[in-house]
Amino acid sequence: MTVVLRTLEELHNWKNAQASQKIALVPTMGNLHAGHLALVKEAQRHAEAVIVSIFVNPTQFGANEDLDRYPRTFEADLEACENAQVDAIFAPSVEVMYPEGLKITHHAEESLANRLCGASRQGHFDGVVTVVHRLFSVVEPQFAVFGQKDAQQVAVIKALIESEAFPIKLVVHPMVRDSDGLALSSRNQYLQTPEERQTALALFETMQGLAVAFHTLNQAPTAPPLNLQKAFELSWKALQPMYPLGQELQWDYVEAVDDETFEPQAFLTSNSRLLVAARLGALRLIDTLHVQELLDEAKERA
Ligand code: AMP
């Protein structure tokens, strides 16, 4: 049985009932899919008690974003949590999460906040940090599980845990993809036609192409390092016509960072993490790939 906690008092009583058991928190905005459930499994490997929070956080949405139409599917989420043997769902109201009103109370680290997704979603990561700070403070978990899908969010949360000295171990679960390679996301249901869905795959496939180009160059000892922007321009010119709506896909960014430090990289290395975002009509898609991990996986399969 999964218990549903809506108030701080209910949460407090549940925490007390866990006695000395370790608690792992999986923060979500609901509309749970296999990606979220993989995080739950990961949480269960670390702690005896797993709590999933479901809260669509208004402060991380921009004025023109999809806060109002974000899919809210509580009954289905509850059933999914019961099937996954989640111990508790914390589903607070806005008033419980924001007792002082919808204000930003904590800021994302400056070096991370305004790049990549933060550049086109001003204030997004301050909203994320504000809500996660509140969740960490009221739930007090020993573990917090986040998905690599939101790689920049992981870097922001890592910095938050360090700067506030939260006694919480951050657990990062790898990306979960659909069988065709599309990164699972609650927003994928906005992809209405087969053409849109096929075109959305361009994010993953473009990154795969860049990883292969990196590998090919790397094989030649005298070859120069791979310049990401140049390689992307070349490969997208070749790939774009292969997608039914390729011309309508608006790239927001195609960048690489060092996977350890999150420092931007102009040239790929074996420790590069690619991060991409693109708009297809009203939908904004993101994806990420660790270059060497992909190459290693391909080697294993061969
Ligand atoms: P969301 O409900 O979209 O805010 O996501 C909640 C958590 O699930 C975040 O830590 C996400 O990174 C993670 N997540 C969402 N989709 C995936 C996925 N396809 N693979 C791995 N983690 C995911």
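Please read these numbers as outputs of a predicted model, since none were measured by experiment. Just follow the structure's listing: the first ligand is 1, and inside any ligand the first atom is 1. Position 1 is the first residue of the sequence, and the numbers go up from there.
Atoms of ligand 1 found under 4.0 Å from any heavy atom of V176, numbered from 1 in the order shown, are 18 (C), 19 (N), 20 (N), 21 (C). Listed by atom number, the atoms of ligand 1 under 4.0 Å from L39 heavy atoms are 7 (C), 8 (O), 10 (O), 13 (C), 22 (N). Shown in contact with K149 at under 4.0 Å from a heavy atom are these atoms of ligand 1, numbered in order with element: 16 (N), 17 (C), 18 (C), 19 (N), 23 (C). Atoms of ligand 1 found under 4.0 Å from any heavy atom of L184, numbered from 1 in the order shown, are 16 (N), 17 (C), 18 (C), 19 (N). Shown in contact with F146 at under 4.0 Å from a heavy atom are these atoms of ligand 1, numbered in order with element: 10 (O). Near H33, with a cut-off below 4.0 Å to any heavy atom, the atoms of ligand 1 are 15 (C), 16 (N), 17 (C). Using a 4.0 Å cut-off to heavy atoms of P27, the atoms of ligand 1 that qualify are 6 (C), 7 (C).
Looking at Q18 and D87, their side chains never bring a donor and an acceptor atom within 3.5 Å of each other. Donor-acceptor pairing under 3.5 Å is recorded for the side chains of Y98 and N57. Judged by distance alone, the side chains of T7 and E9 never bring a donor and an acceptor atom under 3.5 Å apart. For the residue pair S120 / R284, a side-chain donor-acceptor distance below 3.5 Å is found, with atom types taken as modelled.
At least one heavy atom of P174 sits under 4.0 Å from some atom of ligand 1. The shell of residues lying under 4.0 angstrom from ligand 1, judged by heavy atoms, excludes R187.
Taking the centre of each ring, W14 and F90 stay at or above the 6.0 Å mark.
Atom NE2 of H107 is surrounded by more than 12 heavy atoms from other residues, nucleotides or ligands within 6.0 Å.
For atom 9 (C) of ligand 1, the choice among A144, G147, A183, S185 with the nearest heavy atom turns out to be G147. Around atom 12 (O) of ligand 1, the closest heavy atom drawn from D150, I157, L182 belongs to D150. Ranked by closest heavy atom to atom 4 (O) of ligand 1, the top entry among E42, Q60, M29 is M29.
The shortest contact between atom 5 (O) of ligand 1 and any protein heavy atom is with H36 NE2, 3.4 Å.
Ring planes of Y243 and W236: parallel class, angle under 30° (limits at 30 and 60°).
Electrostatic pairing of R177 and D287 counts as a salt bridge here, judged by a charged N lying under 4.0 Å from a carboxylate O.
Not counting sequence neighbours, the partners of Y190 by the side-chain hydrogen bond (donor to acceptor under 3.5 Å, both in side chains) test are D66.
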